[in-house]
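The structure appears right after this line, and notes come after that.
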Amino acid sequence: GYTTSVYDYNNWGRRFFPSMNEIKNYDILHFISGTGLRKFIYAIFIKYYYKKIIIVHFVGSDVTRLKTRRIFDQLNWILAINSAHRVFCVSSWLTEEIKSYCNAETFPLFFQKFNYKPKRMPEKFTILSYIPLSRPDFYGETYVQGLIENNPDINFIILGSNKLKSYPNVETHSINYNINMFQYYNRTSLLLRLTEHDGLSNMVLEALSLDRNVIWTYKFPFVQTVKRDLNQIQNTINQLRNEKINIGASKWIKKNFVYESLVDQLELLYKNPKIKIKPLRVS
């Protein structure tokens, strides 16, 4: 029953008057990525002249970007987000990381219903990892390559980059945002996510919803947490090779990440931006 539009922050906001004209008929602006609102004059105009509700959601790399800006750009951005009615982060660690810049709260975002039924693990131990063409080292390409070379008996599925496709135990696939990712999870024993910095990874949620084992550089329920250290990662993989399923993971995800509840909370937030958001318990 609501009229919504989506604007890409890489395009919206470049020119003041055209940008303001595009949003003048909307009541609420929800910036999913803090990068979308980084100019103080925009925030002031939207809030006090247009009298719109402004909600900002930090999702991951935008936190890093804020922390590494030059002083003037950073100050402009800080003033802008502190003009919003509410500022959220999708994970508790991002909220902690950004607390010296603004008064943020934790509000996880996810974009699908986790109603898939877990299937049996594949007969051959298979590792899935996401390594995009841009910033491959940020996603741990060096460590994944080392694991591929050290474990010729393990199958690897790499999404994104095809740089490692020459190895006989590797298959690569380009990124298609319209594809059903669960076709890959069903063929996977373990999701390997070795990000240098991260928000709330939807790949982690998706893999856990199918009782798959997950190795990640962040502490999270039903996840094996590692540092970006090849020996530690290898030892953790060795421990998980005989695990049939990640017992309890799917049940926990489906209890705590309910899509209908998310939509209800968003609707209540849009109606009353002062409403208290129910915290997610991740223990």
Check whether the ring centres of [X] and [Y] lie less than 6.0 Å apart, and answer yes or no.
X      : Y      : result
Phe138 : His197 : no
His57  : Phe107 : yes
Phe45  : Tyr50  : yes
Trp252 : Phe257 : yes

Polar side chain donor-acceptor pair, [X] to [Y], under 3.5 angstrom:
X      : Y      : result
Gln234 : Asn151 : yes
Tyr259 : Gln112 : no
Ser209 : Ser250 : no
Glu149 : Tyr167 : yes

Euclidean distance, Leu29 CG relative to Tyr42 OH, rounded to 0.5 Å: 13.0 Å

Hydrophobic cluster of Ile245, others only, ordered by chain and residue number, side-chain cut-off 4.5 Å: Met121, Ile247

Summary of side chain to side chain donor-acceptor pair (under 3.5 Å) pairs that have at least one residue in residues 221-231, sequence neighbours excluded: none

Residue that, paired with Asp198, satisfies side-chain hydrogen bond (donor to acceptor under 3.5 Å, both in side chains) out of Tyr218, Trp93, Trp216: Trp216

Salt bridge (charged side-chain N to carboxylate O under 4.0 Å, His left out) between Glu196 and Arg135, intermediate numbers included: CA-CA 10 Å; Glu196 187 177 298; Arg135 299 192 301 165; over 6 Å; no

